[in-house]
Amino acid sequence: MFFEYIRTVLGNALERLGYRAEPHVELPRHESHGDAATPVAMQLAKQLGKPPRTIAEELIAAMEYDPSMIAALEIAGPGFINFRLLPGYYADVARRIRAVGDRYGFSERYIGKRANVEYVSANPTGPLHPGHGRNVALGDSIARLLEAVGYRVTREYYFNNAGRQMQNLARSIYARYRQLLGDDYPFDDENGYRGQYIVEIARELVEEYGDQLREESEEHLAICRAKGEAWCFASIRRTLERLDVHHDVYFNEYSLYTDGHIARTVEQLRQRGLVYEKDGATWIATTKLGLEQDRVIIKSTGEPTYRLPDIAYHCIKLSRGDDLVVDVFGADHIATIQEVLAAVRALGYDTTRVKVVLHQMVTFLKDGVPYKLSKRSGEQYTLDDLIEELGADVVRYFFAMRAAETQLVFDMDLAREQSETNPVFYLQYAHARICSVFANAEQLGIDVSGHADFHLLEHPAECALIKVLAQFPDVVLRAAESLAPYIVADYLHTAAEAFHTFYHECRILGAPRDEIVRARLALAQATRTVLRNGLHLLGVSAPERM
RNA sequence: GCGCCCGUAGCUCAGUGGAUCAGAGCAGCAGACUUCGGAUCUGCCGGUCGGGGGUUCGAAUCCCUCCGGGCGCGCCA
């Protein structure tokens with residue numbers, strides 16, 4: 001919204017002059033450079049073969065604008081055009097924010113488009129571990145961001161309940177089950193799942209079945225497997241629930257086998273000459289697709305490797321007609337995603353619709369040094385434990401607050417801090433503080449929703465706050481388009497800071513005139529909307545009291 | 001060895017198509033309202049943007065190279 005008007009003015013001027021360029025508008029770093037600026041003249045310089053400042057002059061001459069909104073146009077430096085805004089503009093922005101109300105910040109830019117976001121996708125072999133938290137937070141915030149700009153979003157969870165890992169799970173449970181029955185049964189230390197939860201599952205089996213499963217059979221192992229899957233999934237979903245994360249689709253890898261997609265995918269790859277047999281296994285010729293080496297897609301045992309179902313799955317996702325297909329993966333998937341996409345592309349699918357958000361690993365920091373999260377019992381530390389320790393809000397914010405491609409350092413001391421140094425509390429405090437002002441206003445009998453004259457907001461702190469609030473829709477759009485929740489996190493801090501400064505310098509309820517009180521209350525309300533909506537995008541609550 | 005990501009202040013990180021670009025938070029130091037929540041605000045200190053080359057009128061940003069860190073490179077997922 002902030003740059004919209006200027007963009008329009010600039011765009012019209014470009015068109016009038018017959019110049020082809022994006023009307024790019026940016027926020028200058030320094031106040032002295034005005035309220036908005038465009039480097040477009042410099043971008044055109046090479047293309048037109050004219051000095052940038054000359055082009056800037058032409059543009060300024062060609063611009064038509066409302067003199068009550070824009071005070072001055074200046075050419076600066078090598079050829080920037082700086083825009084300086086008048087209070088009338090701020091009043092206009094504030095009025096428009098208020099008019100939009102609770103939906104402020106959201107847009108309809110991508111209305112009618114559909115997106116699929118796949119995230120978490122952990123196999124049901126145990127509880128989520130702390131590292132999963134980053135995937136959860138990023139994926140869910142990305143989904144929320146896409147919704148905020150108009151996409152209809154499907155949240156999807158892909159899981160494998162058929163492979164080797166599930167067999168290991170079944171065997172682990174069975175071993176514990178036998179041990180609980182008092183049998184001297186060996187536990188496979190190399191492949192088995194050693195967590196205490198396995199014993200828990202086994203204990204439930206003892207309660208349900210007594211010693212009826214003692215005989216080692218496929219049938220009994222299948223019962224262990226099913227029990228384990230159900231138990232683990234319940235655990236995972238419970239954890240996600242605590243983070244306010246809900247998937248729409250749980251896609252079962254196993255279904256790809258039963259419905260023939262696996263066989264069909266192999267056939268299609270074969271038709272394109274990309275499949276051959278060697279050493280008793282079936283290979284895909286990924287070297288023909290420009291990759292380093294060929295890979296096995298069906299082992300000599302007849303079992304497919306994970307690649308094949310991955311390829312089939314992506315074909316399915318792409319054939320659903322979504323405009324955008326987002327995969328949120330940890331950095332350890334880097335190798336496979338290339339292979340999968342190359343194969344899918346070779347099968348004729350438009351993989352430009354696929355965006356992969358590859359996040360780097362997480363390091364936990366305590367007393368300034370990396371350390372391994374653990375519990376006193378020596379038992380594995382889970383994502384659930386982290387939520388227990390820090391609260392869902394802190395967990396979601398911390399995992400989403402950095403760009404995905406950075407190796408996230410999760411500072412446990414800062415996260416544990418229940419004070420202003422913790423960025424989550426800083427944001428929530430600003431929100432609670434506004435709520436408190438409104439509670440007081442109500443007690444004083446002030447008509448909070450009454451008419452407000454925004455032209456009365458002329459204090460520098462007021463203008464600064466409006467300027468920040470005005471950026472919000474741009475920020476949401478940019479964050480959504482770059483699939484980067486951290487942009488929202490950064491912005492919210494700026495917004496909260498601008499509010500606190502305003503709060504400190506301008507009394508709201510104690511303002512000299514009633515009209516000013518109402519105008520400032522309206523500004524506070526707009527701030528509250530921005531904070532609430534922004535926090536929502538990150539999956540963090542906006543408490544009224546703390 | 002090969003592929004991808006990262007290297008910016010003591011620490012954690014921004015820097016959106018090269019340009020008005022040396023920035024924020026934390027830590028440290030010094031201050032602030034008799035009043036709407038001090039979980040706040042204001043100021044100061046602090047950096048050869050990993051090193052070196054190159055392109056350019058101009059490079060944290062683009063190219064090359066070296067160094068350092070992470071993750072991969074399975075008939076595991």
Side-chain angles (χ1 to χ4, degrees), chain A residues 22 24 26-30 32-34 37 39 42-43 52 76-80 82 121-123 125 160 163-165 168 191 253 278-283 291-293 295-307 309-310 330-338 358-361 363 365 368 401-411 413-414 417-423 425-426 428-430 432-441 444 474-475 478-479 481-482 484 486-487 490 493-494 496-497 499-505 507-511 517 520-521 524 545-546:
Chain A
E22 275 289 303
H24 185 70
E26 58 190 32
L27 196 70
R29 187 166 287 267
H30 296 293
S32 61
H33 297 130
M42 290 177 297
Q43 285 163 356
F80 283 95
N82 291 344
S121 295
N123 286 339
T125 56
N160 175 0
R164 171 88 53 83
Q165 303 303 326
N168 290 340
N191 300 312
E253 178 185 330
K278 193 180 88 180
D279 304 333
T282 304
W283 296 67
L291 296 181
E292 286 276 310
Q293 45 189 306
R295 304 287 178 178
V296 171
I297 50 173
I298 302 177
K299 301 183 234 176
S300 51
T301 59
E303 282 174 293
T305 63
Y306 65 91
R307 262 176 221 104
D310 265 13
D332 47 345
H333 282 70
I334 182 65
T336 82
I337 195 68
Q338 281 185 352
L358 205 72
H359 63 263
Q360 298 296 316
M361 298 291 135
T363 310
L365 204 70
M401 74 189 209
R402 302 293 183 216
E405 59 269 19
T406 65
Q407 287 157 229
L408 179 66
V409 176
F410 196 116
D411 186 337
D413 300 315
L414 184 60
E417 191 75 47
Q418 303 272 314
S419 76
E420 78 280 1
T421 57
N422 187 325
F425 288 97
Y426 184 79
Q428 293 184 322
Y429 178 69
R433 195 179 220 185
I434 295 170
C435 291
S436 167
V437 170
F438 275 96
N440 292 338
L444 293 170
D474 283 315
V475 167
R478 189 156 55 85
E481 286 176 341
S482 47
Y486 83 89
I487 291 174
D490 268 6
H493 193 275
T494 310
E497 189 173 47
F499 175 77
H500 283 310
T501 302
F502 154 71
Y503 178 89
H504 193 258
E505 302 213 359
R507 284 196 59 79
I508 301 172
L509 300 178
V517 170
R520 285 179 177 170
L521 273 172
R545 251 189 295 277
M546 296 175 67

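Order of the sequence lines fixes the chain letters, A, B, ..., with proteins taken first and strands second; residue numbering starts at 1 for each chain. What you see below is based on every heavy atom in this structure, not just the backbone, and it leaves out hydrogens, waters and symmetry mates.
- Using a 4.0 Å heavy-atom cutoff across all strands shown, A/Ala430 reaches no nucleic acid atom at all.
- Between A/Lys299 atom NZ and B/A77 atom C1' there is a gap of 10 Å when expressed in whole angstrom units.
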Map every base of RNA chain B to its dot-bracket character, where paired means a Watson-Crick or G-U wobble contact with both distances under 3.5 Å and | marks a partner outside the strand.
(((((((..((((.........)))).(((((.......))))).....(((((.......))))))))))))....
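- Side-chain proximity of A/Met42 to the nucleotides B/A39, B/A19, B/C71 is greatest for B/A19.
- Between A/Leu509 atom CG and B/G37 atom C1' there is a gap of 12 Å when expressed in whole angstrom units.
- For A/His493, the ring pair (Phe, Tyr, Trp, His ring centres under 6.0 Å) test picks out A/Tyr426, with sequence neighbours left out.
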List the steps and the verdict of side-chain contact (heavy atoms from CB on, under 4.5 Å) for A/Tyr503 and A/Ile434.
CA-CA 9 Å; A/Tyr503 178 89; A/Ile434 295 170; over 6 Å; no
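- Nucleic acid contact for A/His333: none, since no nucleic acid atom lies under 4.0 Å from a heavy atom of the residue.
- Contact check, A/Asn168 against B/A77: no side-chain N or O comes under 4.0 Å of OP1 or OP2.
- The side chain of A/Lys278 contributes no N or O atom lying less than 4.0 Å from OP1 or OP2 of B/C75.
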For a side-chain contact (heavy atoms from CB on, under 4.5 Å) check, start with the C-alpha distance between A/Met361 and A/Asp332, then their side-chain angles and the critical distance, and finish with the verdict.
CA-CA 9 Å; A/Met361 298 291 135; A/Asp332 47 345; 3.7 Å; yes
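- Residue A/Arg307 contributes atom CZ, which lies 9 Å from atom P of B/A77 at whole-angstrom precision.
- If you check B/G37, B/C73, B/A77 against the side chain of A/Ala335, the one that comes closest is B/C73.
- Across all strands shown, A/Met546 has heavy atoms under 4.0 Å from base atoms, whether or not it also approaches the sugar-phosphate.
- Look at the C1' atom in both B/G68 and B/C49: the space between them is 16 Å, to the nearest Å.
- For A/Arg295 and B/G72, the CZ to P distance is 14 Å, given to the nearest whole Å.
- At the heavy-atom level, A/Ala281 lies under 4.0 Å from base atoms of the strands shown.
- No N or O donor and acceptor, one from the side chain of A/Gln338 and one from the base of B/G3, sit under 3.5 Å apart.
- Smallest separation of non-hydrogen atoms from A/Ala331 and A/Leu358: CA-CG, 4.0 Å.
- B/A60 and B/U40 have their P atoms separated by 35 Å, with the value rounded to a whole Å.
- Within the 4.0 angstrom heavy-atom criterion, base atoms lie near A/Asp279.
- In summary, of the residues considered (A/Asp413, A/Leu414, A/Val409), a side-chain contact (heavy atoms from CB on, under 4.5 Å) with A/Leu365 occurs for A/Val409 alone.
- With both ends at atom C1', the span from B/A9 to B/G25 equals 12 Å, rounded to whole Å.
- Spacing between B/C67 and B/A22 at atom C1', rounded to whole Å, works out to 24 Å.
- Within 4.0 Å of A/Glu405, counting heavy atoms only, lie sugar-phosphate atoms of the nucleic acid but no base atom.
- Picking from B/C75, B/U12, B/C4 the nucleotide with the shortest atom distance to the side chain of A/Ile334 gives B/C4.
- At the heavy-atom level, A/Gln293 lies under 4.0 Å from the strands shown only through sugar-phosphate atoms.
- Comparing the P positions of B/G47 and B/A39 gives an interatomic distance of 33 Å, to the nearest angstrom.
- Distance from the side chain of A/Arg545 is smallest to B/G37 among B/C5, B/G37, B/C36.
- Distance CD1 (A/Ile297) to P (B/G74): 16 Å, rounded to an integer number of Å.
- No donor-acceptor pair closer than 3.5 Å links the side chain of A/Ser436 to the backbone N or O of A/Ala432.
- Protein atom CG of A/Asp413 is 16 Å distant from nucleotide atom P of B/C26, rounded to whole Å.
- Residue A/Gln407 places its side chain closer to B/G69 than to any other of B/G69, B/A32, B/A19.
- With hydrogens and angles ignored, no donor-acceptor pair under 3.5 angstrom links the side chain of A/Tyr429 to the base of B/A39.
- If you take CG on A/Asn123 and CZ on A/Arg164, they are separated by 13.5 Å, rounding to the nearest 0.5 Å.
- Using a 4.0 Å heavy-atom criterion, one finds that A/Glu292 contacts the sugar-phosphate atoms exclusively.
- B/C41 and B/G46: their P atoms are spaced 23 Å apart (whole Å).
- Minimum atom distance to the side chain of A/Asp332 is reached by B/C71, of the listed B/C71, B/U12, B/A39.
- Where A/Thr406 and A/Asp411 each meet RNA chain B at their nearest nucleotide, the meeting point lying more 5' is that of A/Asp411.
- With values rounded to the nearest 0.5 angstrom, A/His359 atom NE2 is found 10.5 Å from A/Thr406 atom OG1.
- Rounding to whole angstrom units, CZ of residue A/Phe502 and C1' of B/U42 are separated by 18 Å.
- Summarising the geometry, atom CD belonging to A/Gln360 is positioned 15.5 Å from atom CZ belonging to A/Arg402; distances are rounded to the nearest 0.5 Å.
- For B/U40, its base never sits under 3.5 Å from the side chain of A/Arg433 at any donor and acceptor pair.
- Residue A/Thr501 is classed as a sugar-phosphate contact, given heavy-atom separations below 4.0 Å to backbone atoms only.
- In this structure, A/Thr336 reaches the bases: a heavy-atom distance under 4.0 Å links it to at least one base atom across the strands shown.
- At B/C41, one or more side-chain N or O atoms of A/Tyr426 fall inside 4.0 Å of OP1 or OP2 (strictly under the cut-off).
- Residue-level contact check: A/Tyr486 touches the backbone only, with heavy atoms under 4.0 Å from sugar-phosphate atoms and none from bases.
- Separating the C1' atom of B/C71 from that of B/U65 is a span of 23 Å, rounded to the nearest Å.
- Between the base of B/C75 and the side chain of A/Ser300 there is a donor-acceptor pair shorter than 3.5 Å.
- The structure places CG of A/Asn160 at 9.5 Å from CG of A/Asp310, a figure rounded to the nearest 0.5 Å.
- To the nearest 0.5 Å, atoms SG (A/Cys435) and CE (A/Met546) are separated by 11.0 Å.
- For the pair A/Phe410 and A/Leu414, both in contact range of RNA chain B, the more 5′-proximal nearest nucleotide belongs to A/Phe410.
- Within the nucleic acid shown, A/Glu505 has no heavy atom closer than 4.0 Å to any nucleic acid atom.
- As a whole-Å value, the separation of A/Asn422 CG from B/C13 C1' is 16 Å.
- With both ends at atom C1', the span from B/C4 to B/G51 equals 23 Å, rounded to whole Å.
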